[in-house]
Amino acid sequence: MRSESEGRPSEARSRLLDTATRLFYAEGIQAVGIDRIVAEAQVTRATLYRHFPGKEDLVLAYLNEVDRAIRSQADEVVAAGLPAADTIRALSTSIARSIQSPGFRGCAFLNAAVEYPDPESPVHKAVLAHRQWFLETITELLARIQETGAEPAARHFVMMRDGAMAAGCLFDPVLICETFLRGVERLLQVYAATDYSGPASA
């Protein structure tokens with residue numbers, strides 16, 4: 001007979017991951033040491049190492065949680081069954097909301113890539129995997145409007161999103177989001193009306 005708690009993540013692991021997620025995003029991965037995480041999560045070092053053999057394992061778990069949250073958000077928007085262009089608009093609005101949320105510090109994946117530049121690093125690879133998923137998601141949506149030029153248009157979208165995420169924590173986020181959403185609207189207009197080959201065609 002299965003116990004009631006079998007298969008559930010332990011409370012200590014959840015506390016460690018929640019603490020690491022908050023600190024890594026707010027202060028930077030390299031700036032936050034294991035001792036700080038252990039103290040704020042109110043666990044022992046032995047407990048941490050039982051769940052995460054090294055700091056890199058904790059960083060990967062943090063990025064996995066962020067990845068899951070973003071995918072879930074995107075899945076919810078796509079599941080609404082809107083026309084493709086409206087789905088992209090809804091995703092863009094969701095991105096804009098996150099940029100204007102309290103404590104916003106940019107894209108967690110771009111931030112991690114800066115701290116882990118080695119292409120062979122598992123953390124760097126996790127960043128690239130997330131970005132590839134996002135690019136493919138946008139490409140598939142654009143291909144529903146028209147197949148020609150879907151990938152270059154998706155790359156253009158991702159670059160605008162990256163720019164908005166980077167600028168959103170440095171300048172007025174409302175202004176940044178207005179600029180981003182206008183850019184998305186213009187991209188959709190140009191893409192639907194032409195054989196899109198890249199930003200130059202806009």
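These numbers come from the heavy atoms of this one structure, side chains and all, not from hydrogens, waters or symmetry mates.
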Is Leu82 reachable from Leu181 through a run of hydrophobic residues whose side-chain heavy atoms are each under 4.5 Å from the next?
no

Val66 side chain near Ile70 side chain, heavy-atom distance below 4.5 Å:
yes

Tyr191 and Ala153 have their tightest heavy-atom pair at CD1-CB, 3.6 Å

Taking the side chain as everything from C-beta on, heavy atoms only, tell me whether Val38 gets closer than 4.5 Å to Thr19.
no

Minimum-distance pair of heavy atoms, taken over all atoms of Ala112 and Val123
CB-CG1, 4.4 Å

Assess, by modelled atom type and distance only, whether the side chains of Gln73 and Ser94 contain a donor and an acceptor separated by less than 3.5 Å.
yes

Within the distance-only criterion (no hydrogens, no angle test), does the side chain of Ser72 pair as donor or acceptor with the backbone N or O of Ala69 below 3.5 angstrom?
no

Given side chain to side chain contact (heavy atoms under 4.5 Å, CB included), test Ser92 with Met160 step by step and report yes or no.
CA-CA 10 Å; Ser92 302; Met160 287 195 297; over 6 Å; no

For residues Leu142 and Ala154, report the shortest heavy-atom separation together with the two atoms involved.
CD1-N, 3.4 Å

For residues 18-42, the ring pair (Phe, Tyr, Trp, His ring centres under 6.0 Å) pairs (sequence neighbours left out) are Phe24-Tyr62

Please examine the side chains of Pro122 and Tyr116, heavy atoms only from C-beta on, and report whether any two atoms are closer than 4.5 Å.
no

Under the side chain to side chain donor-acceptor pair (under 3.5 Å) test, residues paired with Arg71 that sit two or more places apart:
Asp67

Give the intermediate values and the outcome of side chain to side chain contact (heavy atoms under 4.5 Å, CB included) for residues Arg161 and Phe134.
CA-CA 11 Å; Arg161 176 262 182 198; Phe134 187 68; 4.2 Å; yes

Look at the side chain of Gln100 and the backbone N and O of Cys177, then say whether any donor-acceptor pair between them is shorter than 3.5 Å.
no

Heavy-atom side-chain contact between His124 and Leu128 under 4.5 Å
yes

Kindly indicate whether the side chain of Ile145, heavy atoms from C-beta on, has any atom under 4.5 Å from the side chain of Leu188.
yes

Honestly, is Arg13 close enough over Phe52, meaning NZ or CZ under 6.0 Å from the six-membered ring centre and within 45° of the axis?
no

Heavy-atom side-chain proximity of Leu17 to His51 below 4.5 angstrom:
no

Say you draw a straight line from CG of Leu141 to CG of Asp86; how long is it, rounded to the nearest 0.5 Å?
11.0 Å

Path from Ile99 to Leu175 over hydrophobic side-chain contacts below 4.5 Å
no

I want to check something: taking the side chain as every heavy atom from C-beta on, are Phe104 and Pro173 in contact at a cut-off of under 4.5 Å?
no

Would you call Arg68 and Glu65 a salt bridge, taking side-chain N to carboxylate O under 4.0 Å as the test?
yes

Straight-line distance of Glu136 CD to Thr139 OG1, nearest 0.5 Å:
7.5 Å

Shortest non-hydrogen contact between Ile37 and Ala20, atoms and distance
CD1-CB, 4.2 Å

Please list, chain by chain and in numerical order, all residues satisfying ring-ring contact (aromatic ring centres under 6.0 Å, His included) with Phe109, sequence neighbours excluded.
His130

Close side-chain approach of Leu60 to Asn64, heavy-atom, < 4.5 Å
no

Check the hydrophobic clustering (I, L, V, M, F, W, Y; side-chain heavy atoms under 4.5 Å; chains of links allowed) and say if Val114 and Leu110 are grouped together.
no

Among all residues two or more places apart in sequence or in another chain, which pass the side-chain contact (heavy atoms from CB on, under 4.5 Å) test with Ile176?
Ala164, Ala167, Phe171

If Ile, Leu, Val, Met, Phe, Trp and Tyr residues are connected whenever their side-chain heavy atoms lie under 4.5 Å apart, and connections chain through other members, are Val78 and Leu135 in the same group?
no

Interatomic distance, CG@Leu170 vs CE@Met165, rounded to 0.5 Å, equals 12.5 Å

With side chain to side chain donor-acceptor pair (under 3.5 Å) as the rule and sequence neighbours excluded, what pairs involving residues 28-45 come up?
Arg22-Glu40, Glu27-Arg36, Asp35-Arg45, Arg36-Glu40, Thr44-Thr47, Arg45-Tyr49

Separation between CD1 of Ile88 and CD1 of Ile138, rounded to the nearest 0.5 Å
5.5 Å

List the steps, then state whether salt bridge (Lys or Arg N to Asp or Glu O under 4.0 Å) holds for Arg155 with Glu151.
CA-CA 6 Å; Arg155 289 198 302 267; Glu151 187 175 340; 3.3 Å; yes

Residues 162-175 vs side chain to side chain donor-acceptor pair (under 3.5 Å), sequence neighbours excluded, gives Arg131-Asp162

Which heavy-atom pair separates Leu23 from Val32 by the least distance, and what is that distance?
O-CG2, 3.7 Å

Sidechain N-carboxylate O distance under 4.0 Å for Glu11, Arg15:
yes

